[in-house]
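What you see is a predicted model; the values in this text were computed from it and never measured.
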Amino acid sequence: MNIKEDMNSCNKIDISSLIKNIPSEKEVDLIAEIFKAISDPLRVKILYLLKNKELCVCYINEGLDKPQSTISHHLAILKRADLVNLRKDGKWTYYSLKNPEIIGFIENIIKKGD
């Protein structure tokens, strides 16, 4: 059976109405960027560190025992995905979660997988 015959034998669906529910290209790109950003274990740890408090990069380095360059690289990815804010105070840079609900989102995904 070819695809055309297979489509004729299945229930008729108005695919155009389903397509209308797909977010715009810009929104889909942002969603993909967010999932890419939270796909790395170190970045997830950074998000959890920032869950309750704005932190200077030096504390993130210390807490995760990673080089400053590694932490900065991962923070830049989280920033590009619009998951963290940064604030400069003199020579120090402080990071915070842009939307603290990201932690609940991550935890919700884990619970649904049980």
**Asked** Taking it one step at a time, do Ile106 and Tyr48 satisfy side chain to side chain contact (heavy atoms under 4.5 Å, CB included)?
**Response** CA-CA 10 Å; Ile106 292 168; Tyr48 270 89; 4.3 Å; yes
**Asked** How far apart are the C-alpha atoms of Asp40 and Val44, what are their side-chain angles, what is the distance that settles it, and do they pass the side chain to side chain contact (heavy atoms under 4.5 Å, CB included) test?
**Response** CA-CA 6 Å; Asp40 183 273; Val44 172; over 6 Å; no
**Test log, rule side chain to side chain contact (heavy atoms under 4.5 Å, CB included), inputs Thr93 and Arg87** = CA-CA 6 Å; Thr93 303; Arg87 178 180 65 84; over 6 Å; no
**Item:** Steps toward side chain to side chain contact (heavy atoms under 4.5 Å, CB included) verdict (Asp89, Tyr94)
**Value:** CA-CA 8 Å; Asp89 187 6; Tyr94 293 86; 3.8 Å; yes
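Looking only at distances, a side-chain donor or acceptor of Ser72 sits under 3.5 Å from a matching main-chain atom of Gln68.
Rounding to the nearest 0.5 angstrom, the gap separating the CH2 atom in Trp92 from the SG atom in Cys58 is 5.0 Å. Atom CG of Leu86 and atom CG of Leu75 lie 9.0 Å apart (nearest 0.5 Å). Between the NZ atom of Lys66 and the NE2 atom of His73 there is a distance of 12.5 Å, given to the nearest 0.5 Å. We find the CD1-CG distance between Ile71 and Leu55 to be 11.0 Å, quoted to the nearest 0.5 Å. Atoms CD1 and CD1, from Ile38 and Ile77 in turn, are 13.0 Å apart once rounded to the nearest 0.5 Å. To the nearest 0.5 angstrom, Glu54 atom CD is 9.0 Å from Leu50 atom CG.
Counting heavy atoms of neighbouring residues, nucleotides and ligands inside a 6.0 Å radius, atom CG of Asn21 exceeds 12 of them. Applying the 6.0 Å contact sphere to OH of Tyr59 captures no more than 12 heavy atoms from other residues, nucleotides or ligands.
Hydrophobic cluster membership is shared by Ile46 and Phe105, with clusters built from Ile, Leu, Val, Met, Phe, Trp and Tyr side chains linked at under 4.5 angstrom.
Here the side chains of Tyr95 and Asn85 are not in contact, with every heavy-atom distance at 4.5 Å or above.
Considering every non-hydrogen atom in both Glu33 and Arg80, the closest pair reads CG-O, 4.4 Å. When all heavy atoms are compared, the tightest approach of His74 to Arg43 is ND1-NH1, 3.0 Å. Annotation for Ala81 and Leu30: closest pair O-CD1, 4.0 Å, computed over non-hydrogen atoms. Closest approach of Asn61 and Pro67 over heavy atoms only: OD1-O, 4.2 Å.
When the options Leu83, Leu78, Leu47 are evaluated for a side-chain contact (heavy atoms from CB on, under 4.5 Å) with Leu97, the one that passes is Leu47.
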